[in-house]
Amino acid sequence: MAELEQHEAEQDMEKKIEETRQRFKTEFLQDSTDRYDSKDVERLQEDDALVESYLEWRLYVVDDALKMIDESLQWRKEYSVNDLTESTIPKWMFETGAVYLHGYDKEGNKLFWFKVKLHVKDTKTIVDKKKYIAFWLERYAKKEPGMPLTVVFDMTESGLSNIDMEFVKYIINCFKVYYPKFLSKMIIVEMPWIMNAAWKIVKSWLGPEAISKLKFASRSEIQGFIGVEYLPPHMGGTDTFKYSYPPLPDDDFQTPICENGPIVSDDDTESKEGEMESKETLESSFSSEIAVKPKKVNFLEDSMRAEDNDKGDTSSRTKGARKPLTTFKGPLLDVSPAEELSFGSAETEKKCLIILSNVTKNQVAFKVRTTAPEKYRVKPSSSSCEPGASVEIVVSLHGGSQSSPQDRFLVMAAEMDNAGSQELAQFWKEVPKAKIMEHRLRCHVLESVKPTANPLRDGPVETGTSSQQEFNTALMRVMTCNARMEQKLNLCLWQQKVLIGLVLVLVVLNLLCLHLLSASPQPS
């Protein structure tokens with residue numbers, strides 16, 4: 001029954017998507033093709049997920065979705081969003097560090113930082129600033145399609161001179177109209193009380209569909225949304241990240257750990273490569289279970305023996321690894337799973353498979369990188385795949401490490417024209433970036449399943465643990481309420497002092513007036 005309902009829902013969605021496309025073509029596109037960028041129109045006709053996101057954001061009302069699509073595509077044409085690059089935006093905007101992407105919140109959403117104190121209202125540069133925001137959003141949309149953002153307005157040390165209502169309204173419209181379903185939440189940190197009136201206006205711009213996403217947080221409350229590892233020190237965090245340009249701050253993908261220890265990164269210097277290679281050779285010579293494959297094979301017998309050992313190790317290596325169920329169809333490789341690797345705390349949940357299938361007629365080189373190389377072991381993390389063949393990559397948690405939604409994996413692939421004459425390390429140094437296929441995978445943390453407990457023996461312990469958790473939760477709430485009350489009390493005291501000062505000024509003025517009146521000569 002549930003499957004039948006799901007099937008009917010999918011059919012209804014397909015009908016709505018098709019209806020939206022047909023009506024857009026007849027009602028908007030027929031007489032005004034120059035209003036939109038042809039790339040956007042083509043994408044709208046081909047990408048079902050894009051049309052569905054507009055429909056979902058407008059509660060599946062086709063008329064409202066069409067208006068949103070029209071406004072969004074016109075904006076993209078006006079600001080040439082498809083053609084925005086670093087060279088089309090003034091360099092000083094990148095250098096200020098007022099806007100950048102860095103880190104993740106506790107739900108695994110990327111953080112989009114706005115340092116409000118660095119923004120100065122200027123009508124001459126407002127168009128470039130708008131393009132600058134569009135550049136960041138479009139860059140992220142291409143790198144992490146379908147993944148929402150958490151916007152953080154850091155208002156530390158900011159004042160009324162930093163508030164540009166037109167610019168704020170534009171940022172809100174980006175998430176409200178131009179990039180549907182892109183906003184996870186918008187956090188306003190350390191907002192000065194004097195700006196309350198301004199933010200009440202901002203709140204009204206968000207509209208009912210996004211009003212619940214607006215969060216106001218103090219220095220102590222922000223840690224409820226973002227872990228200390230991604231918060232700067234002035235917010236009570238431990239993140240030592242300091243913005244600098246160039247290069248642009250992005251996901252810091254590094255080479256993970258292979259089964260023989262850290263492997264050589266192609267970004268390291270030549271001397272570092274030599275030291276690491278010699279270290280790996282020494283380590284592999286003392287390892288009886290696993291040996292590093294030599295980069296060059298001189299004898300056919302050695303090659304055949306290495307291939308036989310590889311085949312024998314595959315079944316034992318992949319045993320217990322979680323099999324992928326979805327597939328991303330890429331231009332060079334099909335990648336399974338399509339979006340995420342699932343890890344848990346149980347022993348049977350600490351391994352995942354990434355399956356790469358070569359869909360080209362040439363050999364394809366690949367390598368896997370991650371934002372948390374100290375947590376994961378990958379085998380193999382760098383190799384090549386023959387035409388029509390598949391490679392199984394095992395990703396496992398190292399030691400007692402736990403997976404996190406903030407962790408990401410990057411699969412890079414490039415076609416090798418002269419496979420026989422090139423070493424992989426040299427190949428990755430020389431291959432142009434334009435020829436590299438990139439596919440990102442996020443990590444999903446599985447909920448741990450509690451074993452069935454003996455109600456007589458284990459019941460009191462579980463009850464005690466539950467009571468302790470409830471007590472801790474209640475205590476945290478009380479502490480939060482106390483912090484808020486203390487903040488409000490301080491505000492009231494400050495207002496009281498201001499009022500007392502004003503009263504004293506008025507008393508002094510009255511006394512001065514009385515003195516002047518009494519000192520003035522009386523008429524005879």
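Values reported hereafter were calculated over all heavy atoms of this structure, with side chains retained and with hydrogens, waters and symmetry mates removed.
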Inset, instruction - Go through the steps to decide whether Asp63 and Arg23 satisfy the test salt bridge (charged side-chain N to carboxylate O under 4.0 Å, His left out), and finish with yes or no. - result: CA-CA 9 Å; Asp63 288 334; Arg23 287 187 57 185; 2.5 Å; yes
Inset, instruction - Go through the steps for Ile69 and Ser72 under the test side-chain contact (heavy atoms from CB on, under 4.5 Å), then give the verdict. - result: CA-CA 5 Å; Ile69 291 170; Ser72 178; 5.7 Å; no
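Counted by atom type alone, Glu138 and Tyr79 present zero donor-acceptor pairs between their side chains at under 3.5 Å. A donor atom on one side chain and an acceptor atom on the other are found under 3.5 Å apart for Thr156 and Asp154. With 3.5 Å as the limit, one finds a donor-acceptor pair spanning the side chains of Tyr376 and Ser403. Neither side chain, Ser404 nor Tyr104, offers a donor N or O lying under 3.5 Å from an acceptor on the other.
Counting only distance, with no hydrogens or angles, the side chain of Gln406 and the backbone of Asp105 share a donor-acceptor pair below 3.5 Å. A donor-acceptor contact shorter than 3.5 Å is absent between the side chain of Lys185 and the backbone of Lys215. A donor-acceptor contact shorter than 3.5 Å is absent between the side chain of Lys16 and the backbone of Glu52. Thr238 contributes a side-chain N or O that, together with a main-chain N or O of Val228, makes up a donor-acceptor pair within less than 3.5 Å.
Residue Arg408 holds its CZ atom at 10.0 Å from CD of Glu340, rounded to the nearest 0.5 Å. Note: Ile355 CD1 to Leu333 CG = 12.5 Å, rounded to the nearest 0.5 Å. Rounding to the nearest 0.5 Å gives a distance of 10.5 Å between CE of Met416 and CG of Asn362. Summarising the geometry, atom CG belonging to Asp47 is positioned 11.5 Å from atom CD belonging to Glu42; distances are rounded to the nearest 0.5 Å. Note that the CD1 atom of Ile393 and the CZ atom of Phe366 stand 4.0 Å from one another [nearest 0.5 Å]. With rounding to the nearest 0.5 angstrom, the CE atom of Met155 is 7.0 Å from the CE atom of Met191.
Contact annotation: the side chain of Phe167 approaches that of Ile133 to within less than 4.5 Å [non-hydrogen atoms, C-beta and beyond]. Inter-residue side-chain proximity for Arg35 and Leu73 is flagged as unmet; no heavy-atom pair is nearer than 4.5 Å. Contact check for Glu86 versus Phe135: side-chain heavy atoms found under the 4.5 Å cut-off.
Separation of the Phe182 and Phe112 ring centroids does not fall under the 6.0 Å cut-off.
A salt bridge does not link Lys129 with Asp122: none of the charged nitrogens is closer than 4.0 Å to a carboxylate oxygen. In summary, Glu166 and Lys130 engage in a salt bridge, as defined by a charged side-chain N under 4.0 Å from a carboxylate O. Salt bridge absent: Glu144 and Lys110 never bring a charged side-chain N and a carboxylate O closer than 4.0 Å. Salt bridge present: Arg21 and Asp48 bring a charged side-chain N and a carboxylate O closer than 4.0 Å. For the pair Asp37 and Arg43, the salt-bridge criterion is not met [side-chain N within less than 4.0 Å of a carboxylate O].
In this pair, Tyr132 and Trp136 present their aromatic rings perpendicular. The plane angle is above 60°, beyond the 30 to 60° band. Between Tyr36 and Phe24, the two ring planes are tilted [angle within 30° to 60°].
Of all the heavy atoms in Met93 and Thr96, the pair that sits closest is O-OG1, 2.9 Å. In terms of heavy-atom proximity, Ala338 sits nearest to Leu441 at O-CD2, 3.7 Å. Between Tyr230 and Gly103, the closest heavy-atom pair is CD2-CA, 3.4 Å.
Under the ring pair (Phe, Tyr, Trp, His ring centres under 6.0 Å) test applied with Tyr245, the options Phe94, Trp92, Tyr100 reduce to a single match, Phe94. The ring pair (Phe, Tyr, Trp, His ring centres under 6.0 Å) test with His102 singles out one residue from Trp113, Phe241, Phe114, Tyr140, and that residue is Phe241.
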